[in-house]
Amino acid sequence: MYTVHVALTDRSYPIYIGERLLARGELLMRHMPQKRAALITDTAVAPLYLDAVANALGSAGVSVTPVVIPCGEQHKDWHTLNAVFDALLANHCERKTTLIALGGGVIGDLTGFAAATYMRGVPFIQLPTTLLAQVDSAVGGKTAINHPRGKNMVGAFYQPLAVIADTTTLGTLPTREVGAGLAEVIKYGLIRDPAFFAWLEQNIDALTARDAGALAYAIQRSCENKAEVVAADEHEESGQRALLNLGHTFGHAIEAGLGYGTWLHGEAVAAGIVIAARVSHHMGLISAADIARIAALLERARLPVTAPDLGVERYLQLMGIDKKVEGGRIHFILLRGIGSAFLTADVPQRALTAALAASVKRD
Ligand code: NAD
Ligand code: GLY
């Protein structure tokens, strides 16, 4: 087992990464203030892993309330959140009952927001079971649900007490979901870690083939990158954490524009990264060779590098309700090179329009 530390003074916590960790009740117990837990998962993950975790906790004397919600991004909404509150209340869950998120980013984000708000805040542990959740969403305390008008629009910063990433669970992940996770892994290389980007170019085939050693290193390095950024800018105030959203402003527009769940989040981020790279190129910041290198790596990860043709106007409209809008101006994350990202609102309209036009797929 490898441990990455998220250093946030009194809200610091460990990220445990390793094989067969789900059945280790003592790891969970270390971070639970009471022998009482609500285990929140979805209809796809429950048949695979709910019993293993519930049994491990049960053997350690923990009383467990399972809460199973429908799977899919379209259920990361108010209605499902309310169903979780209904279940917590019906089962008399208390202020010291730990909410455990067992699943991907949808479960982690929704459970985290439930934990932040149920009885004004209860203990929360992340058990991420997708690659995307293990490298990104389970770490850093961003929790949210979607609103029909915009992605992740209602939420809170609320840190977990621990993240337990059992890499064995990646064995049952659908192939498309592995690609979606790799989009966020590649993102770290692009924004701040050029050596990691080069390592990914060397090892991408091993990663898509789910080589255990390659995956473990990619998860560890991603978590180290994320932990450093979150420790430096927990609440996305200084601009450092915003860089983690490379490609996301465009990606969120794709997800909302097509309807949540049509493209996976990581897929939309991949196409969004290519648009951001093209905007950077149109502004004279990176070379055409850099765009080709980025697109080649994403394609080798089996990710889309062209975006759906929503129309430039619709993209601009959807991006206008992004969380990175300040004073009515959209803030973009652009690249100065591979491994160097920055935040700016000064993007000429023609660079944006040209990049969008060059990036869409027309039927
Ligand atoms: P997801 O949670 O929808 O999981 C993908 C699918 O895989 C689901 O159908 C799920 O049931 C299934 N699944 C999960 N684990 C499995 C396993 N081990 N075996 C088989 N099937 C499994 O999607 P995701 O990609 O994990 O997360 C995407 C979400 O994460 C988005 O809502 C996105 O906004 C959010 N996100 C949040 C942050 C953050 O910092 N909070 C960062 C990145 C993404
Ligand atoms: N995934 C972006 C963040 O955590 O800030």
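Note that the structure is predicted; figures quoted are calculated from it, not measured. Start at 1 and go down the list; that is how both ligands and their atoms are numbered.
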Nearest to [atom], what protein heavy atom do you find, and at what distance?
atom                    : result
atom 5 (O) of ligand 2  : Arg241 NE, 2.7 Å
atom 15 (N) of ligand 1 : Thr129 OG1, 2.7 Å
atom 34 (O) of ligand 1 : Lys151 NZ, 2.8 Å
atom 2 (C) of ligand 2  : Asn245 OD1, 3.6 Å
atom 43 (C) of ligand 1 : Asp136 OD2, 3.6 Å
atom 11 (O) of ligand 1 : Asp42 OD2, 2.7 Å
atom 1 (N) of ligand 2  : Asp136 OD1, 3.2 Å
atom 13 (N) of ligand 1 : Val45 CG2, 3.7 Å
atom 4 (O) of ligand 2  : Lys226 NZ, 2.5 Å

Margin query: Is there a side-chain contact (heavy atoms from CB on, under 4.5 Å) between Gln134 and Ile17? Walk through the geometry before answering.
Written below: CA-CA 9 Å; Gln134 294 187 356; Ile17 303 163; 6.0 Å; no

Next item on the list: Give a yes/no verdict on a cation-pi contact between Arg221 and Tyr188, requiring under 6.0 Å between NZ or CZ and the six-membered ring centre and an angle within 45° of the axis.
Entry: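 No, Arg221 and Tyr188 do not form such a contact.
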
Given that the side chain starts at C-beta and the backbone is N, CA, C, O, which of these parts of [X] lies under 4.0 Å from ligand 1, counting heavy atoms, or is it both or neither?
X      : answer
Asn152 : side chain
Ser137 : both
Thr172 : both
Leu264 : neither
Leu132 : side chain
Asp109 : side chain
Lys142 : both
Lys226 : side chain

Would you check whether [X] has a nitrogen or oxygen atom less than 3.5 angstrom from a nitrogen or oxygen atom of ligand 1?
X      : answer
Gly105 : yes
Val106 : yes
Arg241 : no

Checklist line | Under 4.0 Å to a heavy atom of Lys142 - the qualifying atoms of ligand 2, by number | finding: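 Result: 2 (C), 3 (C), 4 (O), 5 (O).
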
Margin query: salt bridge (Lys or Arg N to Asp or Glu O under 4.0 Å), that's the test. Do Arg24 and Glu26 meet it? Break it down for me.
Written below: CA-CA 5 Å; Arg24 288 190 42 189; Glu26 92 283 359; 3.0 Å; yes

Can you list the ligand 1 atoms lying under 4.0 Å from a non-hydrogen atom of [X]?
X      : answer
Cys71  : 9 (O), 11 (O)
Lys76  : 31 (C), 32 (O), 33 (C), 34 (O), 35 (C)
Gly104 : 2 (O), 26 (O)
Glu184 : 43 (C)
Thr169 : 17 (C), 18 (N)
Leu173 : 15 (N), 16 (C), 17 (C), 19 (N), 20 (C), 22 (C)
Tyr49  : 18 (N)
Leu48  : 19 (N), 20 (C)

Checklist line | Ring geometry between Tyr118 and Phe85 (parallel below 30°, tilted from 30 to 60°, perpendicular above 60°) | finding: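 Answer is parallel, since the angle falls under 30°.
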
Check: Using the ring of each side chain (for Trp, its six-membered ring), is His31 parallel, tilted or perpendicular to Tyr16, with breaks at 30° and 60°?
Finding: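 Plane angle between 30° and 60°, so tilted.
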
Margin query: Are His248 and Phe332, when compared by the centres of their aromatic rings, separated by less than 6.0 Å?
Written below: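 Ring-ring flag for His248/Phe332: false, centres at least 6.0 Å apart.
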
Electrostatic pair [X]-[Y], nearest N-O below 4.0 angstrom:
X      : Y      : result
Asp346 : Arg329 : yes
Asp136 : Lys226 : yes
Arg300 : Glu201 : no

When you check the side-chain N and O atoms of [X] and [Y], is any donor under 3.5 Å from an acceptor?
X      : Y      : result
His265 : Glu73  : no
Asp77  : Thr80  : yes
Glu224 : Gln220 : yes
Lys187 : Asn245 : no
Asp109 : Thr143 : no

Next item on the list: Provide the closest heavy-atom pair for Thr129 versus Gly104 in the form atom of the first, atom of the second, distance.
Entry: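 Distance-wise, the nearest heavy atoms are OG1-N, 3.8 Å.
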
Next item on the list: Identify the two heavy atoms, one from Leu316 and one from Ile330, that lie closest to each other, and give their separation to 0.1 Å.
Entry: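 Smallest heavy-atom distance, with atoms named: O-CD1, 4.4 Å.
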
Item checked: Close approach of Glu184 to ligand 2, heavy atoms, under 4.0 angstrom ->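 No, that is not the case, since the closest heavy atom of the residue is not under 4.0 Å from the ligand.
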
Margin query: Below 3.5 Å, N or O to N or O, backbone or side chain included: is there any such pair between His248 and ligand 2?
Written below: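 Checking ligand 2 against His248, no N or O pair falls under 3.5 Å apart.
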
Notebook entry, point to check: Tell me, do Leu39 and Val53 make a side-chain contact under 4.5 Å, heavy atoms counted?
Noted result: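 The answer is yes; the side chains approach within 4.5 Å.
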
Next item on the list: Indicate, as side chain, backbone, both or neither, the part of Val230 found under 4.0 angstrom from ligand 2 when only non-hydrogen atoms are considered.
Entry: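 Contact part for Val230 vs ligand 2: neither.
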
Checklist line | 4.0 Å heavy-atom contact, Glu255 with ligand 1 | finding: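 Contact check Glu255 vs ligand 1: negative.
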
Checklist line | Option whose closest heavy atom lies nearest to atom 32 (O) of ligand 1, chosen from Glu73, His265, Glu177, Glu267 | finding: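 Among Glu73, His265, Glu177, Glu267, the closest heavy atom to atom 32 (O) of ligand 1 comes from Glu73.
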
Notebook entry, point to check: Distance-only, no hydrogens or angles: does the Gln159 side chain make a donor-acceptor pair with backbone N or O of Gly140 under 3.5 Å?
Noted result: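 Yes.
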
Notebook entry, point to check: If you draw a 6.0 Å radius around CZ in Arg95, do more than 12 non-hydrogen atoms from other residues or ligands fall strictly inside?
Noted result: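 Atom CZ in Arg95 is not crowded, with 12 or fewer foreign heavy atoms closer than 6.0 Å.
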
